[in-house]
Student: 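Mind having a look at this structure? Questions to follow.
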Amino acid sequence: MNLSIIVLAAGKGTRMKSEKPKVFHEVGNYPMIHHVLKTAKALNPKQIITIVSKNFNYYSNILKQSFDKIEYIIQKNQLGTADAVKSAFQSPKYAKSKITLILFGDTPLVSKRSLKRALEKFNSKNSDLCVLSMKPKNENNSYGRLVIKNNKLEKIIEFKDANTEQKKIKLCNSGIMIVKTNLLISNLDKTNNKNKKKEFYLTDLVNIFSQQNLKVNHLECNHRETLGVNDKNDLCLVEKEFQSLTRKKFLNSGVTINDPDSVFFSLDTEIGKDVTIFPNVIIGKNVKIGNNIKIKSFSHIENSEIKKNVEIGPFARTRDQVTIHEGAKIGNFVEIKKSVIKSEVKISHLSYIGDAEIGEFTNIGAGSITCNFDGKNKNKTIISENCFIGSNTSLIAPIKIEKNSIIGASTVIDKNISSGTVVYRKSELIKKQKK
Ligand code: UD1
Ligand code: CA
């Protein structure tokens with residue numbers, strides 16, 4: 001598509017009351033800007049330019065890994081949305097695209113579908129400028145208002161600059177705009193900062209265009225996907241919306257979620273077929289859940305891959321690169337960190353398994369612990385297939401237990417065990433009559 005996308009992400013975000021740039025605050029465990037760039041990329045444009053502030057670099061490494069082909073341009077002083085768009089003109093390739101779509105880094109939920117619809121309208125009506133509009137449920141909001149005269153969009157008035165009558169207008173600006181690139185370039189300099197915020201407003205383009213009788217229109221989309229984030233109240237609202245959309249997506253794809261309102265997902269959660277998620281479950285970043293899985297209540301799953309036919313929880317925690325293979329069972333009060341759990345392993349109660357590899361068919365008894373940290377380093381525990389680790393065992397890493405071995409209950413193991421060995425500590429039980 002002959003399209004450039006400019007993402008505005010340089011705003012100070014003063015109202016967030018945070019040292020972090022606003023667009024790095026997270027929704028679904030990913031920075032808001034990540035959501036926007038993902039959607040932008042899905043539109044397959046010629047180029048994406050993100051306008052950022054000077055302190056952006058400090059936070060941006062991970063973002064640059066995921067979105068390496070995107071240009072990042074610094075807006076020197078935050079003089080307003082019109083000034084931010086102007087910074088994009090520094091990109092040498094910019095003017096070659098016929099159409100420019102402007103997205104906001106603080107409006108993370110806008111869908112590819114709505115943007116496509118707006119682009120189609122823009123093309124079919126041969127528009128010069130099209131604004132994505134919305135009607136927020138909460139009429140007490142401070143979005144810019146769309147002033148319509150004789151059925152035509154005449155201007156957008158910012159809430160702070162609006163009079164009492166204009167403040168009553170229900171139709172609001174989402175901030176998202178599509179505009180012909182040559183007209184954008186030739187008109188941006190006509191904006192000024194004679195307004196309450198003393199900023200150069202991008203929204204002033206609407207009036208500048210309509211005064212020249214250029215073709216200006218708007219497309220209304222669902223207000224829920226164009227919620228903007230200016231403070232922590234907005235962030236909380238957008239998180240709620242994100243969760244509600246994601247729950248619906250998984251329910252529609254066949255996941256059983258007994259109490260959707262108490263289950264939380266991340267932007268990158270993947271779930272297969274015949275999965276049941278019980279109430280009060282949190283799925284953090286980087287989780288892949290395969291087919292035929294049960295995740296029981298109060299479990300917190302992060303950075304983990306769960307292959308198939310697995311049961312986890314209740315009260316289980318997995319984190320920091322965990323793979324759980326087919327047929328394994330992870331029971332209550334079990335924490336697994338950076339470990340590979342092979343097929344048919346049972347870790348049913350009260351265990352900590354960290355930096356470990358557990359071989360097929362091995363059973364880890366209740367209360368068994370891998371002592372992976374010696375005060376300085378994290379050390380590995382390797383237990384091969386078909387072992388039986390008795391209850392309340394402490395495995396002092398680094399340690400290797402070879403296949404077909406049995407460790408008696410309450411044993412402290414600090415030496416490698418060769419295959420087929422039975423190990424236990426003999427301590428006599430003294431039994432005598434009370435005096
Ligand atoms: C803006 C719109 C308003 C709309 C609302 C929707 C303008 C003038 N107003 O208001 O009509 O209803 O969004 O959410 O456009 N930014 C920069 N550089 C700057 C200033 C802002 O990159 O100098 C970026 C911000 O990071 C943000 C976006 O532009 O992603 C919008 O800026 P913000 O200050 O949040 O505008 P609003 O007051 O929300
Ligand atoms: Ca905003």
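We use all heavy atoms of the structure for the numbers below, so side chains are in, but hydrogens, waters and symmetry mates are not. Remember, it's 1-based here, ligands and their atoms both numbered in the order they're listed.
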Student: Just list the side-chain donor-acceptor pairs under 3.5 Å for residues 5-19, sequence neighbours left out, or say none.
Tutor:
from : atom 1 : to  : atom 2 : distance (Å)
S18  : OG     : K20 : N      : 3.0
S18  : OG     : H25 : NE2    : 3.2

Student: Within a reach of under 6.0 Å around NZ of K400, are more than 12 heavy atoms found that belong to other residues, nucleotides or ligands?
Tutor: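 It does not: K400 NZ has 12 such atoms or fewer within range.
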
Student: Could you check, using the six-membered ring where one of them is a Trp, whether F56 and Y72 have ring centers closer than 6.0 angstrom?
Tutor: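 Close enough - the centres of the two rings lie under 6.0 Å apart.
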
Student: Hey, can you pull the donor-acceptor pairs under 3.5 Å for the side chains in residues 30-38, sequence neighbours left out?
Tutor:
from : atom 1 : to   : atom 2 : distance (Å)
Y30  : OH     : D268 : OD2    : 2.6
H35  : NE2    : V27  : O      : 2.7

Student: NZ of K190: more than 12 outside heavy atoms within 6.0 angstrom?
Tutor: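 More than 12 heavy atoms, drawn from other residues, nucleotides or ligands, come within 6.0 Å of this atom.
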
Student: For I383 and L395: C-alpha separation, side-chain torsions, deciding distance, then whether side-chain contact (heavy atoms from CB on, under 4.5 Å) applies.
Tutor: CA-CA 10 Å; I383 304 175; L395 301 148; 4.0 Å; yes

Student: Which N, O or S atoms belonging to the protein are less than 3.0 Å from the Ca ion (ligand 2)?
Tutor: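 D106 OD2, N230 OD1, with waters left out.
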
Student: Could you name the protein residues that come within less than 4.0 Å of ligand 1, counting only heavy atoms, and order them by chain and residue number?
Tutor: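 If the criterion is a heavy atom under 4.0 Å, then ligand 1 touches L8, A9, A10, G11, R15, K22, Q75, Q78, L79, G80, T81, A84, F104, G105, D106, Y143, G144, E158, N173, S174, K197, Y201, T203, N230.
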
Student: Please name the pair of heavy atoms, one in P45 and one in A40, separated by the smallest distance, quoted to 0.1 Å.
Tutor: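 For P45 and A40, the tightest heavy-atom pair comes out as CD-O, 3.3 Å.
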
Student: In plain terms, say whether E241 and R224 are close enough for a salt bridge, that is, a side-chain N and a carboxylate O under 4.0 Å apart.
Tutor: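 Looking at R224 together with E241, the answer is yes, because their closest N to O distance falls below 4.0 Å.
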
Student: Which of these passes side chain to side chain donor-acceptor pair (under 3.5 Å) with E158: N173, N195, T203?
Tutor: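 With E158 as partner, side chain to side chain donor-acceptor pair (under 3.5 Å) holds for just one option, T203.
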
